[in-house]
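Just so you know, these numbers use all the heavy atoms, side chains as well, and skip hydrogens, waters and symmetry mates. Order of the sequence lines fixes the chain letters, A, B, ..., with proteins taken first and strands second; residue numbering starts at 1 for each chain.
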Amino acid sequence: MDTHKSANTHPSIIFSIFLLILLLFPFCLKLLLTEPYPAVIFPSGAGTVDLSDQSYNFTEYRVYGISDQGPQQRIDILKLITPAHPQYLYQIFGNAFGLSADPTKELKLRGTDWTLLSYRQRGATDTQRAECKSWLNARLEQRYQSLILQKIIVTGDLKTRSRTNEQIDDTIEITL
Amino acid sequence: MSKLTTPSKSLCKTLLGIHQWLWQRVIHSASLSDSSLRFCRILLPTLYLIFYMPDFTWIASMPDAWYDPAPLSIGSLFSGFPPLIFFQLAQSALILSAFAIIIGFNARRCGLLFCFLHVLINSFEYGFGKIDHVAHVFTLCFFCLSCSNWGAANQSNKYNLPIRGEVLLALLVTFGMFTAGFEKALRWIDFDTNTSGFLSWYFGGYNNLDRNELLAPYLTQFPRLGLELFDYAAVAFELSPFLFLLLGKRAWTLWVTTACCFHAGTTALLNISFCYQIFGYIPFLLPALPYLQVTSHSIRRKWMLALALVAACRLLPVWNETVPLLPAILFPSGLARLSLDFCIWLLLAAVGLYKLNYMSLAGKTAPAQSNTPESPNLPK
């Protein structure tokens with residue numbers, strides 16, 4: 001038999017307490033403040049969607065390009081951020097493609113207005129902003145003067161899956 | 001005085017007894033034979049190299065203005081994405097360490113190096129602000145099994161943890177699942193068919209992230225009660241593994257098999273495959289067979305050559321971006337990749353069922369051996 005010799009012995013209580021703290025402390029941080037990394041935490045995604053009246057809502061993310069010639073054109077946002085993986089879309093969009101005006105962020109105790117830490121996020125420097133704009137321009141083949149980022153609340157019918165309403169939630173314009 | 005201390009002593013004794021009992025149950029349920037671990041040492045890094053190794057070199061091409069890491073992460077210590085050469089060197093080291101683990105060259109050290117590099121690289125990938133969790137399980141798996149030196153016969157006890165690596169892995173998977181299920185339990189168990197937690201994963205992904213393959217287009221046609229039951233099933237599944245771990249080896253195998261079915265379901269319905277979770281499950285699904293050692297030098301040489309070729313196929317695109325990535329050749333479309341992940345989950349579920357059947361047959365022939373903590377191996 002080639003099993004480990006200690007297969008039937010159990011570790012000390014000190015080890016158990018150490019392991020418990022090592023696992024629970026980051027999880028408590030996630031629950032109360034913000035998720036740390038690295039930590040043994042799996043994705044929760046505990047949100048819910050309202051299905052009353054046979055309808056549902058979700059947020060759609062759109063980018064439009066504005067040029068001198070012609071009307072605004074919708075841009076395929078996943079192609080725009082490639083090679084970044086699609087799952088990072090929400091964060092990149094939320095950060096206004098790194099060109100947001102106010103990089104100040106606050107860490108609040110979850111479920112309260114009690115600010116534990118107000119910190120200034122690194123914030124892109126002027127050089128990094130310029131680099132980002134030229135990156136976007138190269139990706140869009142210099143076709144647009146500015147981009148409009150829109151968050152739309154879409155309402156749909158649960159049975160037919162057709163869209164019944166669209167409402168603009170937030171609009172940001174960035175000049176390229 | 002003695003009257004005051006006696007109850008405390010008895011409480012301490014009871015707690016210590018519970019502590020000992022819990023560990024005995026967990027160790028009994030999750031312990032694997034050294035031959036299984038040695039088989040994992042070959043199988044898991046091979047799977048990683050062929051199918052699951054992500055490419056990281058693309059991160060260097062992202063604008064630094066997008067770098068917005070979580071405040072409590074390693075990434076927050078840096079001010080931007082590292083240059084391409086960092087990712088090229090780190091990814092090459094990952095490939096070489098995975099190859100070294102397979103051939104058994106300093107498997108423990110290479111395994112720990114592999115984990116360190118993965119955590120470091122992932123810290124930069126999560127620099128967009130989202131901690132993506134995808135790589136957590138194979139990092140945990142490689143860390144735990146490296147701590148046990150992948151079941152090497154001549155392992156020194158000097159660096160061993162107080163518990164075996166696979167037992168630690170089972171506990172980490174269990175705890176990870178608990179972290180996923182805890183918040184869901186607070187919000188999804190609402191006995192209200194007018195809300196759905198399961199669909200909250202669906203609409204955004206379907207409409208924004210192109211997760212519209214396999215059965216995804218049909219999900220909204222499910223009856224409301226069914227959708228509500230999905231919520232409860234997900235919570236029960238994610239909160240229950242520790243209970244199954246305590247119940248014994250068969251129950252633990254049953255939970256892991258159920259997990260494979262659950263992930264097959266999320267792959268088909270939500271197009272979220274959680275494919276890296278297989279690294280947390282495979283060690284517990286492998287039947288306790290006497291894995292034969294290949295003694296023929298000719299077969300070993302051919303096997304090594306094939307693996308070296310695979311490693312080279314992974315190394316080339318790291319240094320030359322015109323060479324296509326191996327997964328891009330194997331799975332040219334997202335649908336192909338999803339279909340593979342779906343099939344792998346079903347295959348693993350089938351392996352789990354086979355093992356459960358094997359265990360119940362073995363239990364009938366030798367119940368005393370298969371169910372006691374003194375014999376963590378199945379009878380061969």
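- Checked by atom type and distance alone, the side chain of B:S73 never pairs as donor or acceptor with a backbone atom of A:P36 at under 3.5 Å.
- In this structure, the portions of A:E60 lying under 4.5 Å from any heavy atom of chain B include both its backbone and its side chain.
- At a 4.5 Å heavy-atom cutoff, B:L15 makes no contact with chain A through either its backbone or its side chain.
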**Message:** Determine whether B:W58 and A:H85 satisfy the following criterion, ring-ring contact (aromatic ring centres under 6.0 Å, His included), listing intermediate values before the conclusion.
**Reply:** CA-CA 10 Å; B:W58 62 270; A:H85 297 172; 4.7 Å; yes

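- Between the side chain of B:D64 and the backbone N or O of A:T127, no donor-acceptor pair lies under 3.5 Å.
- Among all heavy-atom pairs drawn from B:M62 and A:I81, the shortest one is CE-O, 4.1 Å.
- Atom CG of A:L31 and atom CG of B:L186 lie 8.5 Å apart (nearest 0.5 Å).
- Pairing each heavy atom of B:T179 with each of A:F42, the nearest pair is OG1-N, 3.0 Å.
- What you find for B:I163 and A:P11 is that their closest heavy atoms are CG2-CG, 3.5 Å.
- With respect to chain B, the highest number of heavy-atom pairs below 4.5 Å among A:I77, A:L23, A:L158 belongs to A:L23.
- Neither the backbone nor the side chain of A:S134 comes within contact range of chain B; no heavy atom of the residue lies under 4.5 Å from a heavy atom of that chain.
- With a threshold of 4.5 angstrom between heavy atoms, B:L140 approaches chain A through side-chain atoms but not through N, CA, C or O.
- The residue among A:D53, A:D50, A:L78 with the most heavy atom pairs within less than 4.5 Å of chain B is A:L78.
- For chain B, the option among A:I92, A:T59, A:T82 with the highest count of heavy-atom pairs below 4.5 Å is A:I92.
- Remark: B:E321 CD is loosely packed, at most 12 non-hydrogen atoms of other residues, nucleotides or ligands lying under 6.0 Å away.
- Ring geometry for B:Y126 against A:Y88 counts as tilted: the plane angle lies between 30° and 60°, on a 0 to 90° scale.
- For the pair A:V49 and B:F203, the minimum side-chain heavy-atom distance is below 4.5 Å.
- Exactly one residue among A:V40, A:I41, A:L22 makes a side-chain contact (heavy atoms from CB on, under 4.5 Å) with B:F175. That residue is A:V40.
- Contact annotation for A:L24: both backbone and side-chain heavy atoms come within less than 4.5 Å of a heavy atom of chain B.
- You'll find the ring centres of B:H136 and A:Y37 inside the 6.0 Å limit.
- Using a 30° and 60° split on the angle between ring planes, A:F15 and B:W23 fall in the tilted class, from 30° to 60°.
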**Message:** Could you walk me through whether B:L199 and A:Y56 satisfy the side-chain contact (heavy atoms from CB on, under 4.5 Å) test, starting with their C-alpha distance in whole Å, then the side-chain angles of each, then the deciding distance to 0.1 Å, before giving a yes or no?
**Reply:** CA-CA 9 Å; B:L199 285 184; A:Y56 58 88; over 6 Å; no

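- More than 12 non-hydrogen atoms from other residues, nucleotides or ligands lie less than 6.0 angstrom from CG of B:L77.
- For B:I59, no part lies under 4.5 angstrom from a heavy atom of chain A.
- Per-residue heavy-atom pair counts under 4.5 Å with chain A were compared for B:M177, B:E238, B:R211, B:Q221, and the maximum is reached by B:M177.
- Counting only distance, with no hydrogens or angles, the side chain of B:D68 and the backbone of A:G98 share no donor-acceptor pair below 3.5 Å.
- Going from atom NE2 of B:H133 over to atom CD of A:E35 covers 3.5 Å, rounded to the nearest 0.5 Å.
- The part of A:R163 that comes within reach of chain B is its side chain, from C-beta onward, which places non-hydrogen atoms under 4.5 angstrom from that chain.
- Counting heavy-atom neighbours within 6.0 Å of B:F143 CZ, excluding the residue itself, gives a total of 12 or less.
- Contact annotation for B:Q277: only side-chain heavy atoms (C-beta onward) come within less than 4.5 Å of a heavy atom of chain A.
- Note: B:N208 leads B:N208, B:T220, B:T195 in heavy-atom pairs under 4.5 Å with chain A.
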**Request:** In sequence, state the C-alpha distance, the side-chain angles, and the governing distance for A:I13 and B:L16, and then conclude on side-chain contact (heavy atoms from CB on, under 4.5 Å).
**Result:** CA-CA 8 Å; A:I13 201 141; B:L16 281 172; 3.6 Å; yes

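- Atom CG of A:D126 has 12 or fewer neighbouring heavy atoms from other residues, nucleotides or ligands inside a 6.0 Å radius.
- From B:L72, atom CG reaches atom NZ of A:K30 across 13.5 Å, with rounding to the nearest 0.5 Å.
- Rounding to the nearest 0.5 Å gives a distance of 3.5 Å between CD of B:Q20 and NE2 of A:H10.
- Heavy atoms from other residues, nucleotides or ligands lying under 6.0 Å from CZ of B:F237 number more than 12.
- You'll find the side chain of B:P63 stays beyond 4.5 Å of the side chain of A:Q128, heavy atoms only.
- For the pair A:L51 and B:R224, the tightest heavy-atom approach, listed with the atom from each and the gap, is O-NH2, 2.7 Å.
- Taking CD1 from B:I131 and OG1 from A:T34, the interatomic distance works out to 6.5 Å, rounded to the nearest 0.5 Å.
- Contacts of B:F198 with chain A are absent, with no heavy-atom separation under 4.5 Å from either backbone or side chain.
- Under a 3.5 Å cut-off, the side chain of B:K184 and the backbone N or O of A:S44 do form a donor-acceptor pair.
- Residue contact with chain A, scored on non-hydrogen atoms closer than 4.5 Å, involves the side chain of B:V137 exclusively.
- With chain B as partner, the option from A:G94, A:G47, A:P26 having the largest number of non-hydrogen pairs under 4.5 angstrom is A:G47.
- Between chain B and the options A:A39, A:P38, A:A84, heavy-atom pairs under 4.5 Å are most frequent for A:A84.
- Using a 4.5 Å cut-off between heavy atoms, A:F27 touches chain B through its side chain atoms alone.
- Across A:P86 and B:L209, no two heavy atoms sit closer than the pair O-CD2, 3.3 Å.
- In this structure, the side chain of B:W66 does not engage the main chain of A:C132 through any donor-acceptor pair within 3.5 Å.
- Highest contact tally toward chain B, considering only A:R161, A:E131, A:K159, is held by A:R161 [criterion: heavy-atom pairs under 4.5 Å].
- B:A180 and A:P43 get closest at one heavy-atom pair: CB-O, 3.2 Å.
- A distance of 7.0 Å separates CH2 of A:W135 from OG of B:S61, quoted to the nearest 0.5 Å.
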